[in-house]
Amino acid sequence: MSSDIFDHRQIEPKWQETWKKAHFFEVQPEKGRPKYYILEMFPYPSGTIHMGHVRNYTIGDVMARYKALRGFNVMHPMGWDAFGLPAENAAIKNKTHPAKWTYSNIAYMKRQFERMGWLFDWRREAATCSADYYKWEQLFFIKMYEKGLAYRKLSTVNWCPSCNTVLANEQVEAGRCWRCENEVTTKELVQWFLKVTAYAEELLEGCDKLTGWPERVKAMQKHWIGKSEGAEILFEVADGPKRGTKIPVFTTRPDTVCGVSFMSLAPEHPLTLELAQGTSQEAKVAEFVEKVRKVDKIKRTDENYEKEGVFVGAHVLNPVTGGKLPVYAANFVLMEYGSGAVMAVPAHDVRDHAFAKKYGLPIQEVIHSETPHPSVQEQAFTEQGCLVNSAQFSGLSSEEAKQKIPHWLQEKGLGKPTVNYKLRDWGISRQRYWGAPIPMIHCAKCGTVPVPEKDLPVILPEDVEFTGEGASPLAKSEKFLNVPCPKCAGPGQRETDTMDTFMESSWYYLRFCSIPSAERPFVAEDVKYWCPIDQYIGGIEHATMHLLYFRFYHRVLQDLGWLPKDISREPAEKLLNQGIVYKDGAKMSKSKGNIVDPDALIQRYGADTTRLFVLFAAPPEKVLEWSDAGVEGSYRFLGRVWRMFQGNLSLIQDVQPYSAAHSDLNHVDAKKVRTKTHQTIQKVTADLEQDFRFNTAISAIMELVNEIYGFKVELSDQVGRQVLRESIESVVRLLNPFAPHLTEELWQALGNTTLLSKEKWVDHDPSAVELDVITIVVQVNGKLRANLMLSKHVDKDALAQIAAKDPKVQGHLEGKEIIRTVVVPGKLVNFVVK
RNA sequence: GCCGGGGUGGCGGAAUUGGUAGACGCACAGGACUUAAAAUCCUGGGUUCCGAAAGGGACGUACCGGUUCGAUUCCGGUCCUCGGCACCA
């Protein structure tokens with residue numbers, strides 16, 4: 001065993017087996033012991049783990065192990081986000097069944113998890129594609145429907161006219177279908193939505209209370225929710241068959257209402273085609289709508305994208321001035337924001353200005369700038385100012401008008417003050433097979449009827465074909481599709497849409513609180529004990545979608561009575577968003593061919609080296625740039641620890657760690673090593689307690705190892721051997737969460753029969769970390785001129801005097817006048833000279 | 001485009017509250033060990049100028065400007081780059 005190099009192939013499987021037998025993290029609620037629920041975002045079982053997983057779960061494993069060493073009752077569960085598009089794509093390509101593909105991936109990835117030394121309470125394992133899991137989701141959906149939180153409306157999907165099928169954004173490559181390469185267009189379908197907007201205000205306010213969440217994530221969520229105050233204003237159609245219809249617009253600038261010179265409608269707006277019907281513009285409008293359908297939304301909202309529009313052949317009336325305004329369909333107006341209709345004020349909005357210039361529409365100034373500004377004919381004035389040309393409102397300030405105009409409109413029934421959010425309701429319908437069926441039945445007589453609770457789960461049929469063409473596979477299964485209506489027993493048809501997979505990931509943390517069972521989604525008592533999640537860890541790419549949806553879902557379940565009333569409204573107390581793993585300057589991905597295979601790393605260097613490298617190479621929240629040489633370095637460090645240990649074993653195996661007072665230690669070298677040891681314990685502990693600073697924690701351990709290498713002890717030096725034992729044992733203990741296999745092995749070699757991973761974390765000796773002599777920096781005009789080694793007891797005035805006498809400093813003071821002396825005790829002296 | 005990050009030696013990064021810029025590691029160079037190589041152990045190093053050397057000067061944290069005795073850190077602006085943008089998860 002005292003070979004020069006450690007054999008991870010022998011060591012790692014041995015300890016993995018031992019941990020398994022020790023039932024690590026198989027916890028239950030325990031009164032009187034602090035709990036710690038640590039959760040990493042569960043993986044999509046795509047086949048094999050990738051470096052993003054390695055990073056994510058290593059961070060989680062280290063923290064779980066550390067908190068366990070600190071005495072917490074640690075719950076560390078794992079499961080599989082098992083529904084989703086890739087399984088279906090694989091089914092289409094390889095003619096396998098998504099279930100078969102998914103479950104075999106899960107089995108393989110689970111073995112990889114074990115080989116990385118990640119410890120979980122596998123009794124809590126759940127796969128979201130099992131009926132035991134999605135049954136509850138179907139039930140939650142029905143409860144939401146009954147409360148009015150789930151509803152149907154028309155919405156747009158990507159459509160491939162040649163495959164006759166709906167495409168996910170990912171299946172659209174540069175505007176073309178991934179399978180047949182035909183041009184993709186859009187189509188309106190009736191789909192299911194959840195009313196996230198009903199919780200917009202609460203989700204927004206909640207952001208400020210999430211003190212354990214990164215500021216950047218909260219900022220993104222706030223902007224995503226996008227609250228803005230303004231007014232809804234109604235414009236009445238003035239001509240044509242739709243005459244008298246009131247079109248609502250949302251505006252944040254009701255003060256500019258008198259300057260409206262036209263109305264812009266989203267091309268997808270139902271009225272766009274209706275208004276044009278029967279007019280000479282009808283063909284042109286239809287052509288324009290078709291054209292815009294093919295352009296993606298990001299492009300359409302680009303400020304530099306060419307603004308285009310077409311007159312729809314109808315007019316509306318300005319509710320304040322009564323002026324007759326043309327209606328345009330415009331490519332920069334989106335159906336999703338506000339009402340899909342915009343009152344255009346060219347004088348005071350950049351986009352409207354460009355549009356008016358292009359189509360020769362009037363530009364009427366209604367807000368006058370108090371500071372010089374070019375004519376609004378030349379450039380839009382978008383700031384606030386004083387109202388002009390605004391009938392009875394002229395003379396008001398923008399601020400006053402923003403209050404008065406909406407109220408005046410409200411009195412006339414022509415509008416109202418309102419709050420608008422960018423946040424849109426959550427579209428959960430997917431025209432796909434591999435997802436949880438939406439438990440609804442459509443009946444010609446009774447309408448849409450929920451599947452009765454006793455008939456849940458609505459199970460995915462297995463006898464379906466995956467072609468990637470035509471309607472969803474579920475719509476092609478006669479047996480699935482045709483069922484009697486639960487209300488009238490007449491002929492009914494099942495809903496064939498399945499749910500967005502974010503539905504599953506919105507409540508899995510609750511499922512994990514109890515051992516999964518087909519009998520209930522979770523046990524409320526368990527949820528009460530374990531929730532909220534103390535530490536949630538996952539990729540930054542989830543900042544606005546998953547991390548907002550699960551905050552919403554948690555509140556909904558609480559309001560529906562599934563969760564105890566007296567637990568937090570927030571699912572997760574603290575959040576860490578780890579950065580992405582790069583290689584050769586780009587995100588690792590199969591398509592770019594810059595993948596590193598974790599299996600090969602484990603085989604060659606072992607799990608401990610792999611773990612150490614991903615933690616050491618970068619702070620967890622930042623991008624990690626992959627480096628094969630860096631992996632080699634981590635491997636070398638563990639070898640160095642091994643050799644340090646083996647080389648000193650004969651000196652330390654028969655002595656106890658030093659335990660007398662630090663001040664009694666007279667041995668100069670030993671004292672230095674002991675100080676370094678306790679400084680390291682203090683530093684590593686602080687790094688783990690505060691902000692997951694694994695990289696600096698590992699650096700500190702490396703420094704200690706370097707120090708121990710320089711510490712030479714004779715066999716006869718009993719005290720020196722005790723200090724050496726204390727230092728080496730500290731390295732082993734501190735390194736344990738990072739490199740658990742190797743350190744268990746060393747712990748055993750020290751003669752211990754316990755598991756190091758179940759020991760207590762050590763605390764530093766405060767008397768050992770303090771130095772008597774400290775370095776004082778001397779600056780002249782802020783530039784470093786000398787370092788002084790002084791007792792920490794030297795006072796301020798003495799410090800300045802000693803500093804001024806230093807020969808190096810004097811050289812820079814000569815012939816100059818000291819106009820100021822800044823002394824920072826314990827740190828520096830700065831002479832300001834002229 | 002919009003929202004949110006990031007930019008420090010040859011490279012990954014460190015500097016905890018505005019106080020020694022470059023810890024630790026990689027790569028590189030030199031030395032020890034070895035018949036030799038690998039491995040290992042030890043040592044060195046931001047750039048530039050002066051000096052034989054010891055040593056010393058100037059510059060330096062993307063760029064421009066500001067605040068301050070002192071700025072990688074705070075403020076204003078610019079450039080580059082990455083993540084998200086609602087059907088990948």
Side-chain angles (χ1 to χ4, degrees), chain A residues 4-5 41 43-44 46 81 83-86 89 157-158 166-172 214-224 226 297-305 336 422-432 500-502 505 539-546 548-549 577 579-580 582 585-587 613 616-619 621-634 636-637 639-640 643 686-687 690-691 693 695-696 698-703 706 709-710 775-784 786-787 808 811 819-822 824 827-828 830-833:
Chain A
D4 220 31
I5 190 153
M41 292 178 186
Y44 178 77
S46 55
D81 191 12
F83 273 140
L85 187 64
N89 289 347
V157 292
N158 300 315
V166 175
L167 297 177
N169 288 343
E170 200 186 56
Q171 295 172 317
V172 181
E215 288 304 323
R216 58 172 166 164
V217 173
K218 288 188 281 180
M220 276 190 257
Q221 290 209 352
K222 282 185 192 172
H223 288 119
W224 184 262
K297 281 166 197 154
I298 292 172
K299 213 170 181 182
R300 272 172 65 186
T301 51
D302 190 327
E303 212 169 82
N304 297 323
Y305 186 66
E336 287 85 354
K422 280 209 180 85
L423 182 69
R424 309 205 296 265
D425 280 337
W426 176 11
I428 58 148
S429 280
R430 297 293 180 270
Q431 295 69 43
R432 279 177 238 296
D500 178 8
T501 58
F502 279 123
S505 54
I540 182 68
E541 66 274 18
H542 293 290
T544 47
M545 303 192 64
H546 162 66
L548 190 65
Y549 290 146
N577 284 126
I580 287 163
Y582 277 62
K587 185 174 171 171
F613 174 71
F616 179 63
E621 69 282 1
K622 284 204 185 162
V623 163
L624 188 157
E625 180 72 42
W626 189 262
S627 153
D628 292 330
V631 179
E632 193 78 41
S634 293
R636 228 157 30 207
F637 170 67
R640 201 166 146 81
R643 285 186 299 278
D687 280 351
Q690 287 168 27
D691 281 318
R693 293 200 296 251
N695 54 331
T696 50
I698 293 167
S699 298
I701 300 171
M702 286 174 171
E703 285 184 54
N706 292 346
Y709 261 88
T775 308
I776 301 291
V777 170
V778 187
Q779 300 177 333
V780 178
N781 284 346
K783 283 185 182 165
L784 175 70
N787 287 311
K808 284 182 198 157
I819 52 175
R820 189 170 165 186
T821 304
V822 180
V824 183
K827 282 223 168 103
L828 63 75
N830 186 18
F831 296 108
V832 185
V833 299

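Just so you know, these numbers use all the heavy atoms, side chains as well, and skip hydrogens, waters and symmetry mates. All chains are named by letter (A, B, ...) in the order of the sequence lines, taking the proteins before the strands, and each is independently numbered beginning at 1.
- Nucleotides B:G70 and B:G77 are separated by 24 Å at their C1' atoms, to the nearest Å.
- Listed nucleotides: B:C24, B:A89, B:U20. Nearest to the side chain of A:Thr501: B:A89.
- Using P as the reference atom, B:C42 and B:A53 are 29 Å apart when rounded to the nearest Å.
- Across B:G13 and B:C88, the matching C1' atoms stand 32 Å from one another, rounded to whole Å.
- Without hydrogens or angle criteria, A:Asn830 side chain to A:Val822 main chain gives no donor-acceptor distance under 3.5 Å.
- Rounded to whole Å, atom C1' of B:C24 lies 12 Å from atom CZ of A:Arg640.
- B:C75 sits 15 Å from B:G7 when the P atoms are compared, rounded to a whole Å.
- Base pairing annotation: B:A15 forms no Watson-Crick or G-U wobble pair, as no partner gives both donor-acceptor distances under 3.5 Å.
- Backbone-only contact: A:Lys783 has heavy atoms under 4.0 Å from sugar-phosphate atoms and none from a base.
- The nearest whole Å value for the distance from the CD atom in A:Glu541 to the P atom in B:G5 is 17 Å.
- Using a 4.0 Å heavy-atom criterion, one finds that A:Ala543 contacts no nucleic acid atom at all.
- Classification of the A:Phe502-A:Tyr549 ring pair by plane angle, with boundaries at 30° and 60°, yields tilted.
- Among the nucleotides B:G19, B:U20, B:A89, the one closest to any side-chain atom of A:Asp81 is B:A89.
- A distance of 14.5 Å separates NZ in A:Lys222 from NZ in A:Lys422, rounded to the nearest 0.5 Å.
- Syn is the conformation of B:G9, whose glycosidic angle sits no further than 90° from 0.
- If you measure from atom CE of A:Met545 to atom P of B:G4, you get 18 Å, rounded to the nearest angstrom.
- Nearer to the 5' terminus of RNA chain B, by closest-nucleotide assignment, is the contact made by A:Val777 (compared with the other of A:Val777 and A:Ala168).
- Residue contacts for A:Ser627: at a heavy-atom cut-off of 4.0 Å it reaches no nucleic acid atom on any strand shown.
- Only the C1' atoms considered, B:C79 is 8 Å distant from B:A62, to the nearest whole Å.
- Contact annotation for A:Leu85: backbone-only contact, meaning every heavy-atom pair under 4.0 Å involves sugar-phosphate atoms and none involves a base.
- Across all strands, A:Asn706 comes closer than 4.0 Å only to sugar-phosphate atoms, never to a base (heavy-atom distances).
- Look at the C1' atom in both B:A54 and B:A14: the space between them is 31 Å, to the nearest Å.
- Contact annotation for A:Ile698: no contact, since no heavy-atom pair falls under 4.0 Å across all strands.
- Side-chain proximity of A:Lys808 to B:G56, B:G6, B:C69: nearest is B:G56.
- Along RNA chain B, the nucleotide closest to A:Gly84 and the one closest to A:Gln779 are compared, and the more 5′ of them pairs with A:Gln779.
- Remark: B:U34 base-pairs with no nucleotide in the shown strands. Criterion, Watson-Crick or G-U wobble with two distances under 3.5 Å.
- A gap of 12 Å separates the P atoms of B:G9 and B:U47, to the nearest Å.
- Pairing for B:G22 is absent, with no Watson-Crick or G-U wobble pair whose two atom distances lie under 3.5 Å.
- Listed nucleotides: B:G25, B:A14, B:G12. Nearest to the side chain of A:Thr696: B:A14.
- You'll find that the side chain of A:Pro619 is closest to B:A14, out of B:A27, B:C41, B:A14.
- We find that CZ of A:Phe502 is positioned 8 Å from C1' of B:C88, with the value rounded to whole Å.
- Taking each heavy atom of A:Thr544 and A:Gln221 in turn, the nearest pair found is CG2-N, 4.3 Å.
- A:Ser429 comes within contact range of at least one nucleobase, with a heavy-atom separation under 4.0 Å.
- Spacing between B:A29 and B:A38 at atom P, rounded to whole Å, works out to 11 Å.
- No contact: A:Pro43 has no heavy atom under 4.0 Å from any strand.
- Counting only heavy atoms from C-beta outward, the side chains of A:Ile776 and A:Asn787 never approach each other to under 4.5 Å.
- Residue contacts shown for A:Val157 include a base, since a base heavy atom lies under 4.0 Å away.
- Distance from the side chain of A:Phe616 is smallest for B:G12 among the nucleotides B:A21, B:G12, B:G19.
- Judged purely by atom type and a 3.5 angstrom limit, A:Asp81 has no side-chain atom pairing as donor or acceptor with the backbone of A:Pro43.
- At the heavy-atom level, A:Arg216 lies under 4.0 Å from the strands shown only through sugar-phosphate atoms.
- Ring geometry for A:Phe613 against A:Trp626 counts as perpendicular: the plane angle is over 60°, on a 0 to 90° scale with 30° as the lower cut.
- Here A:Tyr709 reaches the OP1 or OP2 of B:C41: one of its side-chain N or O atoms lies under 4.0 Å away.
- In this structure, the separation between OG1 on A:Thr501 and CD1 on A:Ile428 is 11.5 Å, given to the nearest 0.5 Å.
- At whole-Å resolution of the value, CD in A:Gln690 and P in B:U16 are 11 Å apart.
- Per the geometry, OH belonging to A:Tyr549 stands 12 Å off C1' belonging to B:A89, to the nearest Å.
- Within the nucleic acid shown, A:Arg636 comes within 4.0 Å of sugar-phosphate atoms alone, with no base atom in reach, counting heavy atoms only.
- B:C59 and B:G46 make up a base pair, with Watson-Crick or G-U wobble contacts both under 3.5 Å.
- With B:C3, B:C69, B:A86 as the candidates, the nucleotide lying closest to the side chain of A:His223 is B:C3.
- Per the geometry, CG belonging to A:Leu548 stands 11 Å off C1' belonging to B:A86, to the nearest Å.
- Counting non-hydrogen atoms under 4.0 angstrom, A:Gln431 reaches a base of the nucleic acid.
- A:His542 comes within 4.0 angstrom of a nucleotide base, judged by non-hydrogen atoms across all strands.
- A side-chain donor from one of A:Arg640 and A:Asn706 sits under 3.5 Å from a side-chain acceptor of the other.
- A straight line from CG of A:Asn695 to P of B:A23 spans 15 Å, rounded to a whole angstrom.
- If you check every strand for non-hydrogen atoms under 4.0 Å, A:Gly811 touches nothing.
- Summarising the base pairing, B:U67 is matched to no nucleotide, lacking a Watson-Crick or G-U wobble pair whose two defining distances lie under 3.5 Å.
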